[in-house]
Amino acid sequence: MERGLVSAAVPGCSNIEGGITLDLVNITGVELNDKNDIVSIGAGERWGAVYNKLHEKGLSVTGARSGNNGVGGLALSGGLSFFSSREGLVCDNVVNYQVVLASGQVVDTNEKENADLFKALRGGGNNFGVVTRFDMRTFKQGPFWGGSVFYFPEQFPGQIDALVDELIRPDASEETHIMISLFFAAQMGQPFVAMQPQMNQLNSMRMTTVKAAAEEQAAMAMTGVRCAYVNTTVKADSATLKAAAKVFNEALEKVKGFEGVVFSFTLQPYPLSLLENTSRFGGNILNLSPEDGPLVSILILMWWKNASDDETILTQSREVLAAIDHDAKARGTAVPYKYLNYAFSFQDPINSYGEDNKKAMLEVSKKYDPNGLFQKGAVGGFKLSV
Ligand SMILES: Cc1cc2nc3c(=O)[nH]c(=O)nc-3n(C[C@H](O)[C@H](O)[C@H](O)COP(=O)(O)OP(=O)(O)OC[C@H]3O[C@@H](n4cnc5c(N)ncnc54)[C@H](O)[C@@H]3O)c2cc1C
């Protein structure tokens, strides 16, 4: 649960105490092809290095909003980028995964070669092999208007309305990417909220570049503390999202006295254009359809200091999620999808992809990994067999 250099928060996902860790850090290289439309990224690279290289050519790619993140976790699990409204998810933009299979054989997977494995990798996590290279579509990208704006908590319901209005507008812009958070930090408390000028000083909206925006996000990351993420997805509906924020606020009251607590309730949109782009690029395994959309991912991020508080905090998060899902179901706005990278161990993102996709993934696993090495040998992360 403690975060070191890796960035997945779920226990045992990226390394296991007393187990074997496969460190890909020496598989480096960020190479553009002759036409500059595909970038090949070694599995040990981080997004910051990719953005730096592409920035020199006026290009970019769908990657993490934080430059410090690794490539594999996002490109194998979905992945939201600054440009997802216009370009689709991170996994949708991978045109070829180079994979080491359980047999030791190195294969390319793309729309033409090993196409069944290719589709399963677009969301299936570490269930099928070790990816050593990610070939991704690039696009032209100049400076854009972006940054963070800080508001007082009373304004959050208004923010929800604005977010939903933007998502359901028939002419919603593909160029917009918004993420809104309700944020509580124990060490800041009331005095922080009372100081209006400080809020203004925190704002960072400006013309910026992908490189600088990703550096800004990386600087906001918390390291060296206990941490958990949980998530669910609902339709873009103001009443559902406001009810969810209320459930979160009530639960917060029970844990906010714990040492080092920082909690955030974050809404990340999956606009219609994002869902449509998924099929434009050949589809993934996540079972997200434009027919359901637009959608909003509800993400609860939790950081705290002491192991003795784990149980209470995790129980609260589980109950909050159950209450939000229950309420959304009653309103007819629930969606099964859980984003694997923001799920905790008591969640089941693989099953949230739906029965047909799970069956397809099991068949792929049987075909490319008949002895189930990546089910029984590499036990970390969310497994097909669970
Ligand atoms: C500060 C911060 C910012 C974030 N921003 C975003 C964001 O903008 N968008 C978003 O969608 N998510 C974001 N996330 C969540 C992020 O997607 C996950 O944390 C993701 O797992 C990170 O990928 P990684 O490769 O660094 O992780 P790791 O912890 O190294 O790996 C995660 C999982 O992927 C598997 N894996 C990794 N590489 C490979 C490979 N080459 N082959 C096979 N399996 C592999 C590992 O086995 C592990 O199970 C953020 C997280 C943090 C902490």
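Start at 1 and go down the list; that is how both ligands and their atoms are numbered.
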Would one find more than 12 heavy atoms of other residues, nucleotides or ligands at under 6.0 Å from atom CG of Asp171? yes

Leu74, Asn69, Ile27: member with heavy atom nearest to atom 50 (C) of ligand 1: Asn69

Between side-chain atoms of residues 258-268 and protein atoms elsewhere (two or more places apart, or another chain), which donor-acceptor pairs fall under 3.5 Å?
{"unit_1": "Glu259", "atom_1": "OE1", "unit_2": "Asn306", "atom_2": "ND2", "d": "3.1"}
{"unit_1": "Glu259", "atom_1": "OE2", "unit_2": "Lys305", "atom_2": "NZ", "d": "3.4"}
{"unit_1": "Ser264", "atom_1": "OG", "unit_2": "Thr266", "atom_2": "OG1", "d": "2.9"}
{"unit_1": "Thr266", "atom_1": "OG1", "unit_2": "Ser181", "atom_2": "OG", "d": "2.6"}
{"unit_1": "Gln268", "atom_1": "OE1", "unit_2": "Arg65", "atom_2": "NH1", "d": "2.9"}
{"unit_1": "Gln268", "atom_1": "OE1", "unit_2": "Arg65", "atom_2": "NH2", "d": "2.5"}

Only heavy atoms count here, so choose which of Phe128, Trp47, Tyr342 is nearest to atom 5 (N) of ligand 1. Tyr342

Could you establish whether Ala218 and ligand 1 come within less than 4.0 Å of each other, counting only heavy atoms on the residue side? no

One finds that the ligand 1 atoms under 4.0 Å from a non-hydrogen atom of Gly79 are 11 (O)

Need the ligand 1 atom indices (1-based, order shown) with element for anything under 4.0 Å from a heavy-atom of Leu24. 40 (C), 41 (N)

Using a strict cut-off of 4.0 Å, indicate which atoms of ligand 1 neighbour a heavy atom of Val131. 40 (C), 41 (N), 42 (N), 43 (C)

Which of the numbered atoms in ligand 1 are under 4.0 angstrom from any heavy atom belonging to Tyr339? 10 (C), 11 (O), 12 (N), 17 (O)

Donor-acceptor pair between Gln98 and Thr132 side chains, under 3.5 angstrom: yes

Structural part of Asn68 in contact with ligand 1, heavy atom criterion under 4.0 angstrom: neither

Heavy-atom proximity to atom 46 (C) of ligand 1, best of Asn126, Thr21, Leu121: Asn126

Assess whether a salt bridge exists between Arg206 and Glu216, defined as any Lys/Arg side-chain N lying under 4.0 Å from an Asp/Glu carboxylate O. yes

Considering only heavy atoms of Gly129, which atoms of ligand 1 have at least one such atom less than 4.0 Å away? 43 (C)

For a quick test of reading the model, state the closest non-hydrogen atom pair linking Cys91 to Ala75 and the distance between them. CB-O, 3.5 Å

Are Arg137 and Asp92 within salt-bridge range, i.e. N to O under 4.0 Å? no

Within the 4.0 Å heavy-atom shell around Ala64, which atoms of ligand 1 are there? 8 (O)

Region of Leu76 engaging ligand 1 - heavy atom pairs below 4.0 Å: side chain

I'd like to check Val39 versus Leu32 (side-chain heavy atoms, cut-off strictly below 4.5 Å). Are they in contact? yes

Residues which pass salt bridge (Lys or Arg N to Asp or Glu O under 4.0 Å) with Asp237, listed by chain and number, not counting sequence neighbours: none

Is Arg122 close enough and on-axis enough to Phe281, meaning under 6.0 Å and within 45°, for cation-pi? no

Do any heavy atoms of Tyr229 fall under 4.0 Å from ligand 1? yes

Centroid-centroid distance, Tyr270 to Tyr339, less than 6.0 Å: no

Atom indices of ligand 1 within 4.0 angstrom of Leu80 heavy atoms, with elements: 7 (C), 8 (O), 9 (N), 10 (C), 11 (O)

Ser66 neighbourhood, listing ligand 1 atoms whose heavy-atom distance to it stays under 4.0 Å: 3 (C)

Among the heavy atoms of Cys13, does any lie under 4.0 Å from an atom of ligand 1? yes

